[in-house]
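Before any comments, here is the structure.
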Amino acid sequence: EAQVTQNPRYLITVTGKKLTVTCSQNMNHEYMSWYRQDPGLGLRQIYYSMNVEVTDKGDVPEGYKVSRKEKRNFPLILESPSPNQTSLYFCASSSRGGPYEQYFGPGTRLTVT
Amino acid sequence: DAKTTQPPSMDCAEGRAANLPCNHSTISGNEYVYWYRQIHSQGPQYIIHGLKNNETNEMASLIITEDRKSSTLILPHATLRDTAVYYCIVRVENYGQNFVFGPGTRLSALP
């Protein structure tokens, strides 16, 4: 089954404790992206990757890092999480070949205390 | 990308067609209309997209006006499982470009 998976699905952590949220897709998609969703603010893009070793900032990149060493994986790293990063996070992927609709993962609900 | 305007909420009776409108009066010639939906806090799900012709797939139909300034997503037989937030997005069909999700329309399918 074609899918985007994220782990963990739920995470409660404390300020400053580094964490990684993993994202993996099995569709051989070149493009991958991370979004965060907050009440009243909709989905906002954090980082995206056009292909292996190619990443770029989205609209709200501060406090986040990403890497793309393999085509299928696109982890989101919070080096020193803060309470304002409490949010619902989604990973998405799409193909280079069009029609460019994005496939989203199930989401990771992160709480930073 | 052109801005879209959608009603914040709508109700529809289960079993009836749900017609969700979207205004995009500033759409340009190379911009497509995409529809996604998000059920509760799940990841957004692609529904359909089109440029100027009407489109239909197993989930829905998309009707785009001749001047392309508005469109309607039609769910032919709404069920309780169609209760979700529906997003209309206008963007150039371009690899790698961000999708900008607005507030969408919260559709409630009622028994």
Side-chain angles (χ1 to χ4, degrees), chain A residues 2-6 9-10 21 23-25 27 29-51 54-61 68 74 87-111, chain B residues 1-9 22 30-62 64 71 73 81 84-106:
Chain A
Q3 60 182 350
V4 178
T5 57
Q6 296 178 225
R9 297 288 314 279
Y10 302 90
V21 183
C23 172
S24 182
Q25 49 92 7
M27 295 168 280
H29 284 167
E30 292 82 5
Y31 178 86
M32 297 186 74
S33 177
W34 277 102
Y35 293 84
R36 62 178 288 175
Q37 186 172 30
D38 303 290
L41 295 176
L43 282 102
R44 295 177 293 168
Q45 191 182 48
I46 303 170
Y47 268 95
Y48 64 95
S49 170
M50 304 281 271
N51 213 326
V54 180
T55 63
D56 208 345
K57 297 177 181 178
D59 299 320
V60 288
R68 187 91 181 275
F74 190 44
S87 187
L88 180 58
Y89 291 86
F90 291 103
C91 179
S93 72
S94 68
S95 169
R96 178 193 289 275
Y100 310 122
E101 72 262 28
Q102 294 198 9
Y103 295 81
F104 283 80
T108 295
R109 188 169 293 280
L110 172 65
T111 301
Chain B
D1 294 330
K3 181 178 171 58
T4 62
T5 304
Q6 300 177 252
S9 64
C22 180
N30 61 347
E31 288 184 312
Y32 285 70
V33 181
Y34 284 79
W35 282 85
Y36 279 75
R37 73 179 183 183
Q38 187 175 23
I39 297 172
H40 193 45
S41 294
Q42 299 177 22
Q45 176 190 23
Y46 166 81
I47 301 173
I48 199 167
H49 80 292
L51 182 62
K52 50 186 171 183
N53 297 323
N54 297 337
E55 302 287 344
T56 295
N57 63 20
E58 64 278 3
M59 288 183 68
S61 295
L62 173 60
I64 303 174
S71 60
L73 177 74
R81 289 194 300 268
V85 177
Y86 287 78
Y87 300 98
C88 170
I89 300 162
V90 171
R91 50 160 282 179
V92 174
E93 189 169 79
N94 186 26
Y95 169 62
Q97 192 171 17
N98 184 20
F99 277 85
V100 179
F101 288 79
T105 295
R106 183 172 296 278

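Here is how names work: the chains are called A, B, and so on, in the same order as the sequence lines, proteins then strands, and each is numbered from 1. Keep in mind that what you see is a predicted model, and the values were worked out from it rather than measured.
- Annotation: B/Arg106, atom CZ; neighbour count of heavy atoms from other residues, nucleotides and ligands within 6.0 Å does not exceed 12.
- Residue B/Pro103: no heavy atom, backbone or side chain, is found under 4.5 Å from chain A.
- Interface residue B/Gln38: only side-chain heavy atoms are found under 4.5 Å from chain A.
- Under the side-chain hydrogen bond (donor to acceptor under 3.5 Å, both in side chains) criterion, B/Thr56 pairs with B/Ser61, not counting sequence neighbours.
- Contacts of A/Arg109 classified as side-chain hydrogen bond (donor to acceptor under 3.5 Å, both in side chains), with partners at least two apart in sequence or in another chain: B/Ser41.
- Proximity to chain B is limited to the side chain of A/Gln37, based on heavy atoms less than 4.5 angstrom apart.
- With a threshold of 4.5 angstrom between heavy atoms, A/Asp59 approaches chain B through side-chain atoms but not through N, CA, C or O.
- How far CD of A/Glu101 is from OH of B/Tyr32: 12.0 Å, rounded to the nearest 0.5 Å.
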